[in-house]
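Data block below; observations after.
Only a predicted model underlies this, so the values are computations on that prediction, with no experimental measurement involved. Protein chains get the first letters and strands the later ones, always in sequence-line order, with residue 1 at the start of each.
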Amino acid sequence: MSEESNPTQRTYEHLILSCIHQSSLVDAQWVHRHLHENGFDQDPFLATKLINMYSSLDLIDDARKVFDKTRKRTIYIMTTLVDMYAKFGCVAYASAVFNQMAVKNVVSWSAMIACYAKNGKAFEALKLFREMMLKTEEDVGPNSVTMVSVLQACAALAALEQGKLIHGYILRNGLDTILPVISALVTMYARCGKLEVAQQVFDGMDKRDVVSWNSLISGFGAHGHGKKAIDIFKDMISCGISPSPVSFVSLLGACSHAGLVDEGRALFQAMRKEYGIIPSVEHYASMVDLLGRANKLEEAAKFIDDMRIEPGPKVWGSLLGSSRIHCNVEFAERASTKLFQLEPANAGNYVLLADTYAEAGKWDEVKRVKKLLESRGLQKVPGRSWIEVKRQIHSFVSTDEFNPQIEQLHALLCELSSEMKEKGYVPQIKVVLYDLGEEEKERIVLGHSEKLALAFGLINTSNAEPIRITKNLRLCEDCHSFTKFISKFARKEILVRDVNRFHHFRDGVCSCGDYW
DNA sequence: GTAGGGTTAG
């Protein structure tokens, strides 16, 4: 009673925490008002909590107002704000706050690096990390938390050499016993194409939790080793580790990449029945992807109709992606109608629909969708590929005229193309979804960013060294076929990570078995 | 006493 009439900081803290827990806006506003009336809103400790409260209610403007009104801005409040902007994807705001900080410690640096790493700004994450390494202040030296975000950035870029340097730093500083660090290392090596090393790091762990296992499962899955991923899952179970919802997303993804439809269906059932895990939108989306890729679009659509929860954009996006692969106009239209309502600003959905129409020869419809895209002020994301050579990442886009080596690369590709054609390579010009002549189409496919990166790799790597390329979109059929030929006739091992999975080309064959 | 981190994914 005395506490209520004379509320203390601790009481307010608990009230705020309970608002977060119940996610109640009305209570949150009441607590804030009460706190203000009693002169507690200048308390930096409580201001931090208030920002967390509004942030948990998705009210970032209200959170910002709390910050703006707080006169004493501790090095804690500002980091909380950086983190809040990071979680809402407002990278520019996060960095503005970070730059305003007079004193930065390891936590604030780590928060900003994590912000970049989580929001698709891996280059910026690595750049900030390098800047941090140059600081001599105490309490600015990177620790295990920093390492995790830096490893994520290396994984995103497939920056193997950078990642190895970080691994060395981790070993020298005794951070190699910390579970999150090792899991991030396993993921980094797997996503850089070094599955054997990922396995070695995993094998070297003396303690493993479900996340460590999930890292390995998803790694094998992305490389197309579906059966192996299932075996790893079984090993995990026999080690007495309970699977998490993420374990099943990874497993279903592994089945999808390998075309293991029956195994995927069985796992989806077992998830609920044997492990008591209620399927979430991600699981449904993975199942739709598994069925759709296997050209079981009717079953995928029925699966959506039977869902016990509302199908979100991920689920419809999976159906649209599969419809695009199999050029099924009916299902592409059904999925995109939903998607244009659910996420009108996602340019990728318009592109997938337009591409489906184009492949079906419905050029009027293609024009209609492209106009719709433009009228909403959206743009197609350009295809981009990159390759790491001598610790340096080189990035390519097909329209890049400023690259100093571009003429040399084009010349090499032309030469290779004619040679390959004599050996049976047929350019898959149908992937060019514009109403153009054959020669023009052939010129376009030869300029795809992945081929530019490949040519760059052929020039700049030694014979024994495999070429490792990363790309932001799905690998096109022509690049796939071209790369298979090159791997045989240039006797070169080539590893391509596209947006979904790995393709390992060796002696004219790809590890995906042409199923991707 | 308050702040940062691992596994999915298209």
Any sub-3.5 Å donor-acceptor pair from A:D289's side-chain atoms to A:G292's backbone N or O? no
Under 4.0 Å, heavy atoms only, any strand: does [X] hit a base, just the sugar-phosphate, or nothing?
X      : value
A:T48  : base
A:S144 : base
A:V106 : base
A:I178 : base
A:G253 : sugar-phosphate

On the side chain of [X], is there an atom forming a donor-acceptor pair with the base of [N] - under 3.5 Å, no angle test?
X      : N     : answer
A:D209 : B:dG6 : yes
A:N52  : B:dA3 : no
A:Q9   : B:dG1 : yes
A:S110 : B:dG5 : no
A:N143 : B:dG4 : yes

Indicate whether OP1 or OP2 belonging to B:dT7 is found under 4.0 Å from a side-chain N or O atom of A:S218. no
Closer than 4.0 Å, any side-chain N/O of A:K118 to the OP1 or OP2 of B:dG6? yes
Aromatic ring of A:Y76 stacked on base six-ring of B:dT2, 5.5 Å, 30°: yes
Side chain of [X] - closest among [options]:
X      : options              : value
A:F45  : B:dA3, B:dT2, B:dT7  : B:dT2
A:V249 : B:dG1, B:dG6, B:dT8  : B:dT8
A:P180 : B:dG6, B:dA9, B:dG4  : B:dG6
A:L179 : B:dG6, B:dA3, B:dT8  : B:dG6
A:N500 : B:dG6, B:dG4, B:dG10 : B:dG10

Send over the distance from [X] [atom1] to [N] [atom2], rounded to a whole Å.
X      : N     : atom1 : atom2 : result
A:F40  : B:dT2 : CZ    : P     : 19 Å
A:I277 : B:dT8 : CD1   : P     : 16 Å
A:I77  : B:dG4 : CD1   : C1'   : 16 Å
A:I241 : B:dT7 : CD1   : P     : 17 Å
A:F129 : B:dG5 : CZ    : P     : 17 Å
A:F248 : B:dT7 : CZ    : C1'   : 14 Å
A:Y189 : B:dG6 : OH    : P     : 19 Å
A:F220 : B:dT7 : CZ    : C1'   : 15 Å

So, do [X] and [Y] have ring centers that fall under 6.0 Å from each other?
X      : Y      : result
A:Y76  : A:F45  : no
A:F303 : A:F268 : yes
A:W516 : A:H257 : no

What orientation do A:F248 and A:Y275 show, parallel under 30°, tilted 30 to 60°, or perpendicular over 60°? tilted
Check residues 168-193 of chain A and write down every donor-acceptor pair under 3.5 Å in which the side-chain atom is one partner and the other belongs to a residue at least two apart or another chain.
from, atom 1, to, atom 2, distance (Å)
A:N173, ND2, A:Y169, O, 2.8
A:S183, OG, A:L179, O, 3.2
A:T187, OG1, A:S183, O, 3.1
A:Y189, OH, A:H167, ND1, 2.7

